[in-house]
Number of protein chains: 2
Amino acid sequence: MARRGTSKTLSGDVYSQLRDAILLGQVRPGERLKPTALREEYDVSISVVREVLTRLAEQRLVVAEPNQGFSVAPLTRAHLEELVEARCSIEGLAIRMSVARGDLEWESKVLAVHHRLEGTPIWLEGPEKVINPEWVSVHAAFHATLLEACGNSIILDVCASLFDMAELYRRWNETGTSTVTRDVAKEHRDLAAAALEHDAELAEKLLVEHIRTTRDMALTGIPALAREAAGEQPA
Amino acid sequence: MARRGTSKTLSGDVYSQLRDAILLGQVRPGERLKPTALREEYDVSISVVREVLTRLAEQRLVVAEPNQGFSVAPLTRAHLEELVEARCSIEGLAIRMSVARGDLEWESKVLAVHHRLEGTPIWLEGPEKVINPEWVSVHAAFHATLLEACGNSIILDVCASLFDMAELYRRWNETGTSTVTRDVAKEHRDLAAAALEHDAELAEKLLVEHIRTTRDMALTGIPALAREAAGEQPA
DNA sequence: ATCGCAATAAGAATCGATAGTTAGCTCAGG
DNA sequence: CCTGAGCTAACTATCGATTCTTATTGCGAT
């Protein structure tokens with residue numbers, strides 16, 4: 001039997017592992033997630049795998065078709081557009097509240113996590129451009145921290161969930177394919193600065209732009225979406 | 001074995017049944033949901049029960065404590081406050097979009113579902129004041145329809161989920177205990193009217209007031225919350 | 001009497017086996 | 001050559017048994 005990790009339950013461990021695998025792009029959007037295969041990979045029983053898949057399906061990271069099993073959520077143009085609109089509205093709301101209410105402790109935290117982000121390379125060493133899992137995690141923490149002082153854990157939950165869904169689109173962006181150029185580090189720097197100066201309006205504006213730029217990258221940088229935009233079949 | 005209902009899978013059926021049972025207040029907030037008992041009640045195996053509980057936990061209608069099983073989400077003052085704030089912000093956003101964008105078809109639907117709501121009695125016949133499940137469902141449909149034209153299914157999902165969480169607070173309100181008085185039918189009527197006239201600002205204002213009034217009712221009308229407010233232990 | 005430990009019982013998590021479903025293939029009939 | 005009923009293989013959903021965890025109770029030591 002598989003030994004327990006950091007979580008209290010076996011399924012909790014497998015849950016975080018599979019979730020990370022999906023968010024890190026180790027399995028393709030739309031690809032089927034066969035319980036039997038996962039059972040072997042994680043060395044747990046089928047029931048545990050099903051529980052994990054069920055949880056991920058409830059969060060829409062995975063889709064469940066009755067009697068046809070589970071697959072990683074597919075990437076589509078329409079979904080991306082809705083997701084971006086939702087994030088702009090809701091995360092926009094949250095950052096305004098957060099920047100307005102944030103106290104000294106929050107400021108310190110923003111500063112700290114932004115510094116950490118600046119010091120973490122996006123790509124792993126080596127010839128292949130493979131994303132640094134550490135960067136993914138710090139990047140998520142940076143965005144979460146910006147919103148954190150909004151003081152409403154329900155809103156924060158919603159934002160975290162939307163951010164996760166968007167992670168898939170960030171991940172499957174092929175570098176070099178997109179015609180859009182950007183300076184992500186600068187966007188983050190400006191965002192942090194606006195937050196620290198408690199300029200809620202500016203912070204919201206920068207966050208919205210940041211999210212929209214990511215969308216524009218994805219629309220041209222993800223082959224399936226670029227094709228879809230050109231009127232062809234999605235992959 | 002339990003026979004299949006409307007859903008494609010057995011667990012899908014049990015899911016809706018248990019969910020309804022919780023939303024209709026057939027099991028008390030905080031009460032434990034023992035797999036063995038539910039297994040017998042629904043005549044399905046323990047695995048199906050666990051899958052259902054896992055899904056409900058993911059939506060926060062149920063809480064899962066590792067190695068201590070599941071229970072219906074408890075009602076607390078702090079949670080209610082956050083929920084109300086979140087609903088005002090997010091549903092407010094959605095209704096503004098919806099009212100601005102709604103077309104003729106949407107108007108007709110609002111009119112129809114509001115008429116249906118007016119014609120459905122809140123309480124079932126009889127001496128006991130027991131809520132009419134039909135009203136609960138039409139009421140949910142009315143609120144969903146108001147937001148529907150916002151055109152963003154992700155935002156609608158979030159709103160539906162928040163509305164469900166709030167259902168618990170509506171349900172456990174004991175009539176007569178609250179000092180707050182209201183005319184719910186009028187609130188709904190005004191809301192529908194503002195929507196039909198495409199007055200987005202007014203519709204948002206009315207919706208926010210509607211949600212806040214519900215909160216005020218709950219704070220005095222739910223014994224556990226009233227006690228909590230008075231500085232005592234929550235039930 | 002109170003504390004701490006061990007035994008126990010109740011219940012939760014995990015397992016592998018069985019039943020049920022769907023998609024794909026084969027082959028007879030048109 | 002096409003169609004579709006029936007078969008088959010692959011996979012999904014459901015089941016009940018087993019293993020593991022936690023809370024409780026009883027008992028002896030302080």
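These figures come from a predicted structure and were not determined experimentally. Worth knowing before you read on, the calculation uses all heavy atoms, side chains too, and leaves out hydrogens, waters and symmetry mates. Every chain is numbered from 1, with letters handed out A, B, ... down the list of sequences.
Between the CD atom of B/E40 and the C1' atom of D/dC15 there is a distance of 15 Å, given to the nearest Å. Atom CZ in A/F70 sits about 9 Å away from atom C1' in D/dT12, given to the nearest Å. Look at CG on A/N67: it is 20 Å from P on D/dA9, rounded to the nearest Å. The distance from atom NZ of B/K8 to atom P of D/dT14 is 13 Å, rounded to the nearest whole Å. Per the geometry, CD belonging to B/E51 stands 13 Å off C1' belonging to D/dC15, to the nearest Å. Between the CZ atom of A/R39 and the P atom of C/dA13 there is a distance of 21 Å, rounded to whole Å. Atom CD1 in A/I46 sits roughly 18 Å away from atom P in C/dG20 (whole-Å rounding). The CD atom of A/E65 sits 10 Å away from the P atom of C/dA23 (whole-angstrom rounding).
Between A/R32 and B/Q68, the residue anchored nearer the 5' end of DNA chain D, judged by the nucleotide with its closest heavy atom, is A/R32.
Side-chain proximity of B/R50 to the nucleotides C/dA12, C/dC15, D/dA17 is greatest for C/dA12. Checked against C/dT14, D/dT14, D/dC15, the side chain of B/T9 finds its nearest nucleotide in D/dT14. Distance from the side chain of A/S47 is smallest to C/dG16 among C/dG11, C/dT14, C/dG16.
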Going through the checks in order, is the salt bridge (Lys or Arg N to Asp or Glu O under 4.0 Å) test met by A/R171 and A/E167? CA-CA 6 Å; A/R171 200 68 335 111; A/E167 189 70 44; 2.4 Å; yes
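Residue B/T36 is out of contact with every strand shown, counting any heavy-atom pair closer than 4.0 Å.
Salt-bridge formation is not detected for the pair A/E82/A/R87: no Lys NZ or Arg NE/NH1/NH2 atom is positioned less than 4.0 Å from an Asp or Glu carboxylate oxygen. A salt bridge is absent between B/K34 and B/E41: the closest approach of a Lys/Arg side-chain nitrogen to an acidic carboxylate oxygen does not fall below 4.0 angstrom. Salt bridge status for A/R55 with A/E58: absent, with no side-chain N to carboxylate O gap under 4.0 Å.
An OP1 or OP2 oxygen of C/dT14 is reached within less than 4.0 angstrom by no side-chain nitrogen or oxygen of A/S45. The phosphate of D/dC11 (OP1 or OP2) has a side-chain N or O of A/K34 nearer than 4.0 angstrom.
The shortest distance between side-chain heavy atoms of B/R170 and B/T214 falls below 4.5 Å.
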